[in-house]
Amino acid sequence: MVELIIVSHSKKIAEGIQDLLKEMAPTVPIHLAGGLEDGSIGTDVTRILEAIEAVDKEALLLSDIGSATMNAELAIDMYEGDKAVQFYDGPIVESAFVAAVSSGNGMELEQIMDQLKQEA
């Protein structure tokens, strides 16, 4: 199953997206890297790498805006493990929704990426 990693400047936004997705795709694992460790607004490459490490096999990483996208891409570049993690740059809520439902229905990572690109 494709897992999701949600990167947002806001812990509350990341948690809200997770709440929404759990309603539609309750079995899909969702890892969060929202806000900074102290709860303030921002993104942190270390937190994103920790989310990647928490993935079992493969994941789709989605981010909100600006430096979240930059840090998400940087974290993927820095990651040295064997998990398949791909980044999709699209509207975070809509993309996460499509990805979670698709993963819950058994789609593979490449299929989900193709589906997201078609809907863009």
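Here I92 contributes atom CD1 and I13 contributes atom CD1; the two are 8.0 Å apart, rounded to the nearest 0.5 Å. Put simply, CG on D89 and CG on L116 are 11.5 Å apart, with the number rounded to the nearest 0.5 Å. S95 OG to K117 NZ: the interatomic distance, rounded to the nearest 0.5 Å, is 12.0 Å.
Between L4 and I17 the shortest side-chain heavy-atom distance does not fall below 4.5 Å.
I76 forms part of a hydrophobic cluster together with I5, V7, V45, I48, L49, I52, V55, L61, L74, M78, Y79, V85, F87, judged by ILVMFWY side-chain heavy-atom separations under 4.5 Å.
Within the structure, the side-chain hydrogen bond (donor to acceptor under 3.5 Å, both in side chains) test picks out the following pairs touching residues 3-18 (sequence neighbours left out): E3-H31, S8-D64, H9-D64, H9-S67. Listed by first then second residue, pairs satisfying side-chain hydrogen bond (donor to acceptor under 3.5 Å, both in side chains) with a partner in residues 96-116 read Q86-E110, S102-Q115, not counting sequence neighbours.
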Side-chain donor/acceptor pairs under 3.5 Å, residues 32-41, sequence neighbours excluded:
from	atom 1	to	atom 2	distance (Å)
D38	OD1	S40	N	2.9
D38	OD1	S40	OG	2.6

Could you list the donor-acceptor pairs under 3.5 angstrom formed by side chains in residues 20-30, with sequence neighbours left out?
from	atom 1	to	atom 2	distance (Å)
K22	NZ	P26	O	3.4
K22	NZ	V28	O	2.8

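Looking at residues two or more places apart in sequence or on another chain, you find a side chain to side chain donor-acceptor pair (under 3.5 Å) between T69 and S63.
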